[in-house]
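Report on the following structure.
The basis for the numbers below is simple: all heavy atoms, side chains too, and nothing from hydrogens, waters or symmetry mates. All of these numbers come straight from a predicted model, not from anything done at the bench. Position 1 is the first residue of the sequence; numbering continues from there.
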Amino acid sequence: MRGVLLTTLAATALGSCAMDGRPVPVQPVAGAQTIAFLLAGKVATAPIRCLSTYQRNDMVVLDSQTVAYRDGGSRTFVMHLSPGCGEIAHGGALITRSFGTSDLCTGDIAQAAVGPQPFIGGSCSIGEIVPYVKPRG
């Protein structure tokens with residue numbers, strides 16, 4: 001019972017911090033040239049539910065709610081985040097944890113770590129994951 005109460009209190013506190021009624025401004029990080037380079041000659045395909053570990057190389061922060069991963073091949077995955085991890089736009093790191101799988105999936109919780117002795121600056125959830133691929137032919 002105590003664990004349920006603590007979980008409920010933590011969720012309520014987190015929710016009250018994340019939803020104060022004000023829109024969260026998206027802070028650009030990567031310039032238009034970087035985004036154009038990452039997506040050059042590629043087209044968006046249907047969103048996927050999970051991104052495997054081997055596909056999560058070379059993360060580039062596009063803005064405070066969007067990151068891109070290049071898988072070393074011809075694909076780039078653009079991952080959208082809910083508000084809460086805006087610190088990644090200021091050099092913070094995106095920390096993810098996997099439970100039972102090494103995949104990163106829609107709905108998983110991520111945290112933004114900031115500072116030289118990192119502390120958690122916010123939490124967000126993984127939203128849509130869109131693969132961009134080079135068309136055949």
I need the minimum non-hydrogen distance between [X] and [Y], along with the two atoms involved.
| X | Y | value |
| --- | --- | --- |
| Thr106 | Gly127 | OG1-O, 3.1 Å |
| Arg75 | Lys42 | C-NZ, 4.2 Å |
| Gly121 | Glu87 | O-OE2, 2.9 Å |
| Gly41 | Pro135 | O-CD, 3.2 Å |
| Gln111 | Ser123 | CG-OG, 3.6 Å |
| Pro131 | Ala46 | CD-O, 3.3 Å |

Side-chain heavy atoms of [X] within contact of [Y], under 4.5 Å:
| X | Y | answer |
| --- | --- | --- |
| Glu128 | Pro47 | yes |
| His80 | Thr66 | yes |
| Tyr132 | Val130 | yes |

Hey, could you give me the [atom1]/[atom2] distance between [X] and [Y], rounded to the nearest 0.5 Å?
| X | Y | atom1 | atom2 | value |
| --- | --- | --- | --- | --- |
| Leu51 | Thr96 | CG | OG1 | 10.0 Å |
| Ile129 | Met79 | CD1 | CE | 4.0 Å |
| Cys85 | Ile126 | SG | CD1 | 7.5 Å |

Is there a path from Leu62 to Leu39 through hydrophobic residues (I, L, V, M, F, W, Y) whose side chains come within less than 4.5 Å of each other? yes
Cluster check Phe77, Phe37: I/L/V/M/F/W/Y, side chain < 4.5 angstrom: no
Checking side chain to side chain contact (heavy atoms under 4.5 Å, CB included) for the pair Val78/Leu38: CA distance, chi angles, key distance, verdict? CA-CA 10 Å; Val78 175; Leu38 289 172; over 6 Å; no
Test log, rule side chain to side chain contact (heavy atoms under 4.5 Å, CB included), inputs Thr76 and Val60: CA-CA 10 Å; Thr76 298; Val60 177; over 6 Å; no
For Cys124, which of Ile88, Asp108, Leu81, Ile109 qualifies under side chain to side chain contact (heavy atoms under 4.5 Å, CB included)? Leu81
